[in-house]
Amino acid sequence: MKALIKDKPVRGATLTDRPIPKIGDNDLLVKVRAAAVCGTDIHIYQWNEYASSRIKLPLLFGHEYAADVVEVGKNAGHFKKGDRVAAETHIPCGHCFQCTTGLQHICRDMQIIGVHTDGAFAEYSVLPAVCAWKLDPGISYEIGSTMEPFGIGVHAVSKTKPAGKKVVVYGCGPIGIYAQMVAKFSGAECVIGVDVAKERLSLAKQMGTDVVFNPKEVSVADEVNKITKGFGADIVIELTGNKNVVNDASKCLRRGGDMVLVGLYSGSVEWDLVNNVIYKEANVFGVTGRIMWDSWWTAQGILLSGKVDVTPVITHTFKLDDYDQAIQTAESASGGKVVFKL
Ligand SMILES: [Zn+2]
Ligand SMILES: [Zn+2]
């Protein structure tokens, strides 16, 4: 099978021919139909500090995908050949405190598909049955491949009660736009998107975000203050992972508001806790991944409601052969989600 492998500790990747993998008793062998490029894949491709500190070579990467089941392991009989599935990226151990108390997504011994195990930029992939989500017939493979990042948007918004509220989302990459759409879907009065990339801001607008701001052009906190008559936003969701942004984002939050942190910072962050959290009595939430399977059920419900169409967020599709172009497109931040169609 064709497989995109990270095999050298330098920028790039190699498309190779590999045998179709063998599955274990708890796995499914799936034929990949669509696989989306995630920020993590870009890190792996670039071979930056994030990648080199956690990845063992060679690695078949890619983890956001939708596929057809072609073979079922002995202990995975609740799936059958021909089932359409999407992949939950986090492989929970099933036994630790978190796994036994409904918190599998923050399992102590969690592994990540396409980071710790071989992933999905290939014609076939081994999907642990515990990570397989049966795709509703009303959801395409391409959209199915983006349910994983969409689910992060769902999870982030689910920490808050956005109905009738003003919500600021820092970051208008795919997850940011998904979070904005979910906030709007959930009844937010006004959703404000913030990003430095023009294309992303216009995509956010196109997808229904009420107002967008570019911090290179305006003071976002001042603008949010105007919109909120000096009170500040009820909810701020921070997705950029940019260390310099967290204090600015905090300035947009009203006293007693909800601050949801999702973006991953490299290293520790200087955050004025006294003014941004303590005096404000801000509620601060960390969010990682998706709640299994609550975020998925909600994501599916939103996608099937007919009230949101996430299709335009996928701005580019590629064949696996054009992987360089695909990953460089995702890297350029000039658009939304990049998806391989297989
Ligand atoms: Zn991802
Ligand atoms: Zn566990």
Side-chain angles (χ1 to χ4, degrees), residues 4 6 13 26 32 34-46 48 50-51 54-55 59-67 85-122 125 127-133 141-156 171-179 239-241 262-264 266 287-296 299 310 313-316 318 323 326-327 329-331 333 335-340:
L4 187 61
K6 182 73 188 183
N26 301 314
V32 179
V37 178
C38 167
T40 304
D41 303 316
I42 297 171
H43 294 314
I44 294 171
Y45 182 87
Q46 294 173 334
N48 60 12
Y50 171 92
R54 64 194 76 200
I55 284 173
L59 175 76
L60 194 180
F61 62 125
H63 58 269
E64 298 176 357
Y65 64 111
V85 291
E88 163 56 59
T89 305
H90 293 170
I91 311 172
C93 77
H95 311 293
C96 72
F97 178 86
Q98 283 74 18
C99 282
T100 52
T101 54
L103 297 168
Q104 293 96 313
H105 70 295
I106 46 171
C107 165
R108 189 187 63 175
D109 298 315
M110 184 174 68
Q111 295 213 301
I112 299 175
I113 295 174
V115 172
H116 304 112
T117 68
D118 272 343
F121 289 159
S125 174
L127 179 60
V130 69
C131 294
W133 170 260
Y141 293 114
E142 289 85 61
I143 300 300
S145 76
T146 63
M147 280 183 77
E148 194 256 36
F150 186 73
I152 300 176
V154 167
H155 185 189
C172 296
I175 297 174
I177 291 178
Y178 292 143
L239 284 144
T240 68
V262 193
L264 299 177
S266 57
V287 161
T288 184
R290 298 137 301 278
I291 297 171
M292 293 167 73
W293 291 90
D294 186 63
S295 305
W296 286 82
V310 293
V313 181
I314 300 175
T315 52
H316 299 80
F318 288 94
Y323 62 91
I327 296 175
T329 302
E331 203 177 16
K337 204 75 185 160
V338 172
V339 173
F340 288 115

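Ligands are counted one by one from 1 in listed order, and the atoms in each one are counted from 1 as well. Keep in mind that the numbers below use all heavy atoms, side chains included, and drop hydrogens, waters and symmetry copies.
- Aromatic ring orientation, Tyr50 versus His43: tilted (interplanar angle from 30° to 60°).
- Using modelled atom types and a 3.5 Å distance limit, the side chains of Thr117 and Gln111 yield no donor-acceptor pair.
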Exercise for the section: Please test Arg290 against Glu148 for side chain to side chain contact (heavy atoms under 4.5 Å, CB included), starting from the C-alpha separation and ending with a verdict. Expected result: CA-CA 8 Å; Arg290 298 137 301 278; Glu148 194 256 36; 3.3 Å; yes

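- Residue His95: no N/O/S atom is found under 2.8 Å from the Zn ion (ligand 2).
- Around the Zn ion (ligand 1), the two atoms SG of Cys38 and NE2 of His63 are separated by an angle of 110°, to 10 degrees.
- The aromatic rings of Phe121 and Phe61 sit perpendicular to each other, their planes meeting at more than 60°, with 30° as the lower class boundary.
- Note on Glu64: counted as a metal contact of the Zn ion (ligand 1), an N/O/S atom lying under 2.8 Å.
- Angle subtended at the Zn ion (ligand 2) by Cys99 SG and Cys96 SG: 110°, rounded to 10 degrees.
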